[in-house]
Protein chains: 2
Amino acid sequence: MNKPSDALITDEPVEMGQLEDSFGFLVRMTQVRVFEAFFNGVGHFDLKPGEYSVLWIISLNPGVRQGEVARRLSIKPAHMTKLIQRLEARDFLTRQIPDSDRRSVRLTLTAAGQTFVDTHKDAYFTYYEMENCLSAVEMAQLTKLLQKFIGIEKGRS
Amino acid sequence: MNKPSDALITDEPVEMGQLEDSFGFLVRMTQVRVFEAFFNGVGHFDLKPGEYSVLWIISLNPGVRQGEVARRLSIKPAHMTKLIQRLEARDFLTRQIPDSDRRSVRLTLTAAGQTFVDTHKDAYFTYYEMENCLSAVEMAQLTKLLQKFIGIEKGRS
DNA sequence: CGATAATAGTTTACATGGAAACATTTTCCA
DNA sequence: TGGAAAATGTTTCCATGTAAACTATTATCG
């Protein structure tokens, strides 16, 4: 039915120059690949990785402040508001305004939310274990370097 | 004027669990950091990295087809159209429809476009050389691993 | 040849995400 | 105290980017 070789082989090679050494470019391309892998894997679930990660954080930190979640995930407050509204509309979490500080919002998973987190844990944590050009050792190296780059220190060997 | 320590220190630590080992999460966080570094560096220029990379590719491949540029940069066709329209409106490039295939669009830089590429080359290629937690050797390792991940093979040792 | 399929790019209609301004509440001091 | 400043979310508006449908052109092959 399809002849991908014909479609993918480019008659006109494109010179990229030192763009191929640009860290910013490489990170963006990596992001694209990971995103594609997601849609080929758990994409049929209706929560995107960012939304799942919010549920994940709340699951580990019941009653956490909304702003704290946003800060740790580098999600902007304005975006976080909409995201939380969606998750609340799906009955995955509840918002509670504590008397101790009535500006803030504290988040807790509903039973349905916790069930979703538990049920799809493997899917959301392994979709990036796609076929790629790296060995398991190299992936571990890469993961460790990225952790260090963004300032996560993992003491383990 | 500012007391960043007060603002940044979090009274409520947030547990991330194995999210810190998730490759997808790490890539996204890295992307955010690189983006921040861009805005603290060349952000005052009015072309974003993606737009500059388009000019860069055209500079290295005069007369390249628009779709080829899009494919190599993983930019979707619909987005590419708007992007090219903006760059054309700024008089950075010209679109030409060849008689050999009047469906396609071939792109060439104007003198102003070439000047922009030349003038800001260092800025756009080094903004990610920001202060981070990695040594030069580690950055080189990371770069090489990312290249391999996305399928760029650089033969050099 | 000529109908059908494939290709290239554009348009439209929408989803995503962010900046700035805002409302509310709390903190900080003078 | 009480008024200014800061903190927390939300709202509004806008920029970015995508999918699907569409136009125009070229290729396919019966």
Side-chain angles (χ1 to χ4, degrees), chain A residues 1-12 28 31-32 35-36 38-39 43 46-51 53-54 63-89 93 95-107, chain B residues 1-12 28-29 31-32 35-36 38-39 43 46-54 63-89 93 95-107:
Chain A
M1 162 185 158
N2 51 1
K3 306 202 296 179
S5 55
D6 285 354
L8 291 177
I9 285 180
T10 303
D11 27 304
E12 309 177 39
R28 177 172 128 57
Q31 175 88 300
V32 170
F35 194 68
E36 286 171 355
F38 168 71
F39 268 107
D46 36 17
L47 247 51
K48 280 170 300 180
E51 297 170 319
S53 68
V54 169
V64 67
R65 279 199 305 103
Q66 177 172 321
E68 273 305 303
V69 179
R71 196 180 63 78
R72 291 306 299 267
L73 297 178
S74 291
I75 296 173
K76 294 291 183 297
H79 183 205
M80 194 65 178
T81 295
K82 299 180 206 172
L83 212 158
I84 292 299
Q85 283 171 349
R86 282 201 299 268
L87 292 174
E88 188 184 25
L93 57 80
R95 298 163 16 110
Q96 195 239 341
I97 295 173
D99 282 336
S100 61
D101 184 349
R102 312 208 18 265
R103 294 170 301 185
S104 64
V105 175
R106 298 201 168 265
L107 303 172
Chain B
M1 161 185 158
N2 51 359
K3 306 203 296 179
S5 56
D6 284 356
L8 292 177
I9 285 180
T10 302
D11 28 301
E12 309 177 40
R28 177 173 128 56
M29 296 306 276
Q31 175 88 301
V32 170
F35 193 68
E36 287 171 354
F38 167 72
F39 268 107
D46 37 18
L47 247 52
K48 281 170 300 179
E51 298 171 319
Y52 183 87
S53 68
V54 168
V64 67
R65 278 200 305 103
Q66 177 172 322
E68 272 306 302
V69 179
R71 196 179 62 79
R72 292 306 298 266
L73 297 178
S74 290
I75 295 173
K76 295 290 185 296
H79 184 204
M80 194 65 178
T81 295
K82 297 184 207 172
L83 213 158
I84 292 298
Q85 284 171 349
R86 282 202 299 268
L87 292 174
E88 189 183 24
L93 57 80
R95 298 163 17 113
Q96 195 238 342
I97 295 173
D99 282 336
S100 62
D101 185 349
R102 307 191 351 95
R103 295 169 300 184
S104 64
V105 175
R106 297 201 169 266
L107 303 172

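Proteins get letters first, then strands, A, B, ... in listed order; numbering begins at 1 in each.
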Looking at dG9(C), I'd like to know if its phosphate oxygens (OP1 or OP2) sit under 4.0 Å from a side-chain N or O belonging to Arg65(B).
yes
Output yes when at least one side-chain N/O atom of Arg95(A) is less than 4.0 Å from OP1 or OP2 of dT8(D), else no.
no
Could you pull out the protein-nucleic contacts involving nucleotides 17-20 of chain D (nitrogen or oxygen on both sides, under 3.5 Å)?
from    : atom 1 : to       : atom 2 : distance (Å)
dG17(D) : OP2    : His79(B) : NE2    : 2.8
dG17(D) : N7     : Lys82(B) : NZ     : 3.3
dG17(D) : O6     : Lys82(B) : NZ     : 3.3
dT18(D) : O4     : Lys82(B) : NZ     : 3.1

Less than 4.5 Å apart, side chain to side chain, heavy atoms only: is that true for Arg95(B) and Leu107(B)?
yes
So which atom in Arg65(B) and which in Ser104(B) form the shortest heavy-atom distance, rounded to 0.1 Å?
CD-CB, 3.6 Å
Quickly work out the Gln66(A) CD to dT10(D) C1' distance and round it to whole Å.
9 Å
Considering every strand and a 4.0 Å limit on heavy-atom distances, what is the contact class for Arg106(B): base, sugar-phosphate, or nothing?
nothing
In whole Å, what is the span from the CZ atom of Arg103(B) to the C1' atom of dA8(C)?
6 Å
Would you indicate what Gln85(A) reaches in the nucleic acid, counting non-hydrogen atoms under 4.0 angstrom: base, sugar-phosphate, or nothing?
sugar-phosphate
Student check: side-chain heavy atoms of Val105(B) and Ile84(B) closer than 4.5 Å:
no
Between P of dT26(C) and CG of Asp101(A), the distance in whole Å:
6 Å
Whichever of Phe35(B) and Asp99(A) has its nearest DNA chain C nucleotide further upstream toward 5':
Phe35(B)
Quiz item: Arg102(B) side-chain donor-acceptor pair to dT25(D) base, under 3.5 Å
no
Taking all heavy atoms of Gly63(B) and all of Arg106(B), pick out the closest pair and write down the distance.
O-NH1, 2.8 Å
Any Ser104(B) side-chain nitrogen or oxygen under 4.0 Å from OP1 or OP2 of dA8(C):
no
Measuring from atom CG of Leu73(A) to atom CE of Met29(B), what distance do you get when rounded to the nearest 0.5 angstrom?
6.5 Å
Considering all heavy atoms of both residues, which atom of Ser74(B) and which atom of Arg28(A) are nearest to each other, and what is their separation?
O-NH2, 3.3 Å
Whole angstrom is fine here: how far is it from CD1 in Ile84(A) over to P in dT11(D)?
13 Å
Separation of dT16(D) atom C1' from Leu87(B) atom CG, nearest Å, is 14 Å
Tell me the closest heavy-atom pair linking Leu47(B) and Glu51(B), and the distance in Å.
CA-OE1, 3.4 Å
In whole Å, I'd like the distance from the CZ atom of Arg71(B) to the P atom of dG9(C).
12 Å
Spacing of Gln96(B) atom CD relative to dA8(C) atom C1', expressed in whole Å:
15 Å
